[in-house]
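Notes for the one structure printed next.
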Amino acid sequence: MCYNLHMTTENAKIKNLIFYSIIAVLFAPLVSPLFLAPLGIILFPDAFAKAIFLRIVIEIIFALAIFSILKKPVAFKIKPLFWAFLFLWLIMTVSTFASPQPHQSWWDLQYRSLGFFFYSHLFILLFIIIYFIKDEKMWDRIFTVIISIGGVVSAIGILQWFGVYFKAAYITVGGLDRPGATLGNPNTFGAYLVILLPITLLYLLRSLKKRPLFNIGAVFFGVIFALEIGGLAVANSRAAILGFIASLIIFTLLYNFQKTWIKKAAFSALIFLIIFSIAGIKIGFLKDTFIFNRFASLISSSGATRLTAWQSGLKSFLDRPFFGFGPENFAIAFDRNYNPFFGTMPGLDEHWWGRAHNFIIEWLTTLGIIGFAAYLSVYGYMFFHLNHIRKEIKNSNSAATATMLISVFAGYFTYSFFNFDTPAVLTLIFILWGYSYFLISGHSEATTKIKTIILPKIAKYGLISVLFILILVFWRYNLKPFIVNARANKAEVNYLNNPEKFFNDYIKITEKSGYIEHDLNLRFYSSAIKYANWLSQNGKIEDSIAKRKILIGLLEKNLQIQQYYTRDYLFLGDSYSYLITLENKNKTENFAKARNYYLKAIELSPERQEGQIGLAHLYRIAGQYDEAIKILLEIIALNDRYGPAHLWLAINYFYKNEIEIGIKELKKVLNSGYDLPLENLQIMFKNKPETLKKILEGIK
């Protein structure tokens with residue numbers, strides 16, 4: 001009897017540890033280099049730091065859950081929604097291993113840090129929440145913490161907007177007009193608030209029902225709700241604002257207000273604001289005002305770029321319709337059906353898209369129709385049963401909570417129609433999945449047949465093995481990459497002060513960098529190539545050649561990790577082309593390698609101009625001007641507004657001494673809106689003063 005009592009008490013302690021560890025997960029938004037400035041050196045990139053923090057905490061929770069299961073016989077009640085969750089994870093597993101680029105599907109890029117490995121952690125967290133968090137008071141405490149942290153994050157964002165912000169000296173903050181608070185990006189900040197605002201609103205409305213009207217709870221939740229609205233405004237994320245409007249409309253329509261006139265008034269006010277805003281943007285009197293100015297650009301230019309990217313994704317979906325290209329591999333699909341007009345669209349400064357900025361296109365392209373159907377089945381089941389709860393037990397906390405969850409998911413869907421997930425936001429969504437499971441299960445006992453599965457004893461030996469595996473995972477895939485990344489950050493800080501030391505230190509770092517090697521190699525290349533160029537420009541040719549060959553070795557190693565990453569091939573083509581200009585020997589070999597890499601880049605993205613431009617550069621360097629002109633004319637045939645093609649076409653004509661034709665092309669460069677680099681022309685033709693004179697006179 002005493003032994004059983006001791007076991008029960010000990011198991012209760014483990015369950016408490018699990019609960020408080022889940023609470024720790026909620027603090028992920030505060031793990032930020034822009035907030036915890038003294039730790040910024042180890043917390044950059046932002047998404048990577050948050051993902052590592054979340055994975056470590058979830059692995060601790062997993063270990064505690066295993067200990068709890070080992071100490072007490074397991075009786076796990078399975079509901080249909082559990083199978084929907086499990087099926088979705090299994091589809092992601094199949095898609096990951098069937099992916100043309102499994103490394104990317106498994107890990108994602110460091111600056112995103114999602115991938116199947118992270119998703120698997122979230123599913124583990126979800127299943128643990130389903131099994132252990134079965135008390136309404138526990139959930140109430142979880143939501144109170146979520147709301148409180150949301151208030152802190154919002155306050156930080158507002159302070160940043162007013163010019164008060166926390167950062168380490170080496171981290172650039174790109175202006176305060178759209179702060180990212182502790183989420184690293186204004187869009188992510190906005191997405192976070194889209195989830196929090198309906199939750200906070202529900203708790204505020206509950207508090208206002210109490211007496212006196214202005215009780216401590218009402219004041220607390222009211223202040224936080226105001227901070228979150230302020231945070232949403234300063235983040236100025238169009239997708240997030242649309243998401244909040246959608247969630248607010250759903251909340252207003254479905255929430256059972258005590259007085260019907262409140263619902264009518266609130267809904268009428270919302271409709272009036274929407275019509276007024278659209279009219280103001282269309283007519284023009286709101287076009288240049290705060291918040292509305294970004295919606296004006298959405299209508300004029302930004303929306304077109306997204307539509308073009310979505311078209312590329314849908315075309316590629318048809319190439320792999322069942323399981324897609326694998327999680328986080330949208331870049332492969334985007335490059336495969338790249339639209340040549342994408343690079344000349346107004347207001348766009350990024351032509352490399354790793355996300356679809358639309359959850360429908362993203363899921364179809366990366367997980368296929370089967371993965372998308374599995375994803376929809378999860379939400380379909382939840383929406384159906386949450387709406388059933390809302391209708392069947394009106395005027396109850398459960399009905400109000402069901403309304404809140406429906407509105408959160410509606411807002412999240414709306415946001416996700418124009419943007420993408422990040423670790424902190426996605427973690428909150430999975431926690432809300434767990435709460436939806438809890439709420440639906442609590443109201444379906446009488447109508448749903450529940451199958452109980454007793455965990456067999458032999459499974460305990462498997463769980464003990466998992467504990468040992470967790471130790472390995474903790475070190476190799478979390479702590480070690482975290483340390484390596486911190487060392488890389490420190491090396492990058494020293495780049496300007498001592499580029500030679502930076503170069504040598506980084507080489508050592510990348511030798512044993514684990515799964516982030518590909519990302520570190522690219523980070524290293526972007527800075528180190530500038531140093532190599534500087535060396536050659538200052539007469540240190542041999543040193544420049546040696547360093548460039550080291551960089552080539554790292555990039556070629558990248559090809560073993562990610563065979564479909566177009567940029568690696570372009571960088572390699574550029575590097576070998578540059579070697580041709582630096583060293584007299586191996587010109588034929590270097591030419592052949594550069595050509596092969598450019599052709600591979602063109603194979604991966606046939607209509608992307610960068611690969612074709614690179615190949616044209618190579619032929620120009622080799623003096624094969626007619627071949628270069630032929631390629632450039634093919635680029636222009638696809639998109640005659642592409643300024644760089646006209647520029648390099650003009651330069652090739654100048655080298656052929658066809659000055660008049662070249663000047664006509666330069667004028668087309670100016671007409672396309674592309675900046676004419678006169679300084680570069682002066683450098684290229686400094687040894688041909690007569691040619692340069694004719695060029696400058698021709699474009700006056």
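- In this structure, Leu376 CG and Ile360 CD1 are separated by 8.0 Å, a value rounded to the nearest 0.5 Å.
- Within the model, atoms CD1 of Ile224 and OG1 of Thr144 stand 9.0 Å from one another, a figure rounded to the nearest 0.5 Å.
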**Request:** Take Tyr415 and Phe244 through the test ring-ring contact (aromatic ring centres under 6.0 Å, His included) and record every step on the way to the result.
**Result:** CA-CA 8 Å; Tyr415 166 84; Phe244 174 60; over 10 Å; no
**Request:** Any chance you could lay out the side chain to side chain contact (heavy atoms under 4.5 Å, CB included) test for Arg112 and Thr422, step after step, and finish with the verdict?
**Result:** CA-CA 7 Å; Arg112 307 286 192 208; Thr422 55; over 6 Å; no
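- Residues Met382 and Ile406 form no side-chain contact, since every pair of their non-hydrogen atoms from C-beta on lies 4.5 Å or further apart.
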**Message:** Set out, in order, the CA-CA distance, both residues' side-chain angles and the distance that settles salt bridge (Lys or Arg N to Asp or Glu O under 4.0 Å) for Glu328 and Arg355, then state yes or no.
**Reply:** CA-CA 7 Å; Glu328 320 313 325; Arg355 291 286 188 277; 2.8 Å; yes
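- Side-chain contact check for Pro186 versus Ser237: every heavy-atom pair is 4.5 Å or farther apart.
- Rounded to the nearest 0.5 angstrom, Leu126 CG and Ser120 OG are separated by 12.0 Å.
- Remark: the backbone N or O of Ala399 is paired with a side-chain donor or acceptor of Ser396 at under 3.5 angstrom.
- With hydrogens and angles ignored, the 3.5 Å screen pairs no side-chain donor or acceptor of Tyr111 with any backbone N or O of Pro45.
- Here the side chains of Phe225 and Leu197 are in contact, with some heavy-atom distance below 4.5 Å.
- Side-chain contact between Phe85 and Tyr437 is present, with at least one heavy-atom pair separated by less than 4.5 Å.
- Ile52 and Asn478 get closest at one heavy-atom pair: CD1-O, 3.7 Å.
- Ring centroid separation for the pair Trp363 and Phe317 does not come in under the 6.0 Å cut-off.
- If you take CD1 on Ile440 and CD1 on Ile389, they are separated by 5.5 Å, rounding to the nearest 0.5 Å.
- With contacts defined as side-chain heavy-atom distances shorter than 4.5 Å, the pair Ser32/Leu183 does not qualify.
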**Request:** Carefully, step by step, assess Arg306 and Asn358 under the rule side chain to side chain contact (heavy atoms under 4.5 Å, CB included).
**Result:** CA-CA 8 Å; Arg306 277 174 165 74; Asn358 178 293; over 6 Å; no
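- Leu232 and Gly190 make their closest contact through CD1-O, 4.1 Å (heavy atoms, listed as atom of the first residue, atom of the second, distance).
- Annotation: His357 is not in aromatic contact with Phe418 [ring centroid separation under 6.0 Å not met].
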**Prompt:** What do the steps show when you test Leu54 against Phe118 for side chain to side chain contact (heavy atoms under 4.5 Å, CB included), and what is the final call?
**Reply:** CA-CA 9 Å; Leu54 286 165; Phe118 183 76; 3.8 Å; yes
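- What you find for Ala24 and Val57 is that their closest heavy atoms are CB-CG1, 4.2 Å.
- For the residue pair Leu26 and Ile142, the shortest heavy atom distance occurs at CD1-O, 3.6 Å.
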**Asked** What do the steps show when you test Tyr203 against Asp140 for side chain to side chain donor-acceptor pair (under 3.5 Å), and what is the final call?
**Response** CA-CA 10 Å; Tyr203 274 72; Asp140 195 54; 2.8 Å; yes
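- Between Phe417 and Trp310, the angle of the ring planes goes over 60°, which puts this pair in the perpendicular group of the 30/60° scheme.
- Side-chain contact between Leu125 and Ile22 is present, with at least one heavy-atom pair separated by less than 4.5 Å.
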**Request:** Would you please test Arg178 and Asn236 for side chain to side chain donor-acceptor pair (under 3.5 Å) and show each step?
**Result:** CA-CA 6 Å; Arg178 292 185 62 214; Asn236 205 356; 5.6 Å; no
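- Going from atom CZ of Phe116 over to atom CG of Leu122 covers 11.5 Å, rounded to the nearest 0.5 Å.
- Distance alone, capped at 3.5 Å, is enough to place a donor-acceptor pair between the Asn215 side chain and the Ala218 backbone.
- Although no hydrogens or angles enter the test, the distance criterion places a donor-acceptor pair under 3.5 Å between the side chain of Ser113 and the main chain of Gln110.
- Aromatic rings of Trp106 and Tyr515 (six-membered ring for Trp) have centroids beyond the 6.0 Å cut-off, not under it.
- Taking the ring centre of Tyr338 as origin, the terminal cationic atom of Arg608 falls inside the region bounded by 6.0 Å and 45° from the ring axis.
- Annotation: Phe502 is in aromatic contact with Phe524 [ring centroid separation under 6.0 Å].
- Asp519 and Arg523 are not joined by a salt bridge, as no carboxylate oxygen comes within less than 4.0 angstrom of a charged side-chain nitrogen.
- Scanning all heavy atoms of the two residues, the minimum distance from Phe342 to Thr308 falls at CD1-CG2, 3.7 Å.
- To the nearest 0.5 Å, atom CD1 of residue Ile429 and atom CZ of residue Phe409 are 6.0 Å apart.
- The aromatic rings of Phe251 and Tyr255 sit parallel to each other, their planes meeting at less than 30°, with 60° as the upper class boundary.
- In this structure, Val408 and Met404 have side chains that are in contact, with non-hydrogen atoms separated by less than 4.5 Å.
- Contact of the Trp352 side chain with the Thr566 side chain is registered, since non-hydrogen atoms from C-beta on lie closer than 4.5 Å.
- The closest donor-acceptor contact from the side chain of Asn489 to the backbone of Phe44 lies under 3.5 Å.
- Taking the centre of each ring, Trp433 and Tyr379 come in below the 6.0 Å mark.
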**Request:** List the steps and the verdict of side chain to side chain donor-acceptor pair (under 3.5 Å) for Ser105 and Asn329.
**Result:** CA-CA 6 Å; Ser105 289; Asn329 266 327; 3.0 Å; yes
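- Looking at Arg55, its side chain does come within 3.5 Å of a backbone N or O of Tyr477 through a donor-acceptor pair.
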**Request:** Might you work through the ring-ring contact (aromatic ring centres under 6.0 Å, His included) test for Tyr412 and Phe359, ending with a clear yes or no?
**Result:** CA-CA 10 Å; Tyr412 172 68; Phe359 77 97; 7.7 Å; no
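- No side-chain donor-acceptor contact under 3.5 Å links Ser407 to the backbone of Leu248.
- A donor-acceptor pair under 3.5 Å is absent between the side-chain atoms of Gln160 and the main chain of Pro179, judged by distance alone.
- Closest non-hydrogen pair, Thr182 versus Pro29, comes out as OG1-O, 2.6 Å.
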**Request:** Evaluate the side chain to side chain contact (heavy atoms under 4.5 Å, CB included) criterion for residues Ser316 and Phe334: first the C-alpha distance (whole Å), next the side-chain angles of each, then the deciding distance (0.1 Å), finally the verdict.
**Result:** CA-CA 7 Å; Ser316 295; Phe334 179 70; over 6 Å; no
**Item:** Chi angles and distances behind the side chain to side chain donor-acceptor pair (under 3.5 Å) call for Ser154, Glu228
**Value:** CA-CA 5 Å; Ser154 300; Glu228 289 171 355; 5.0 Å; no
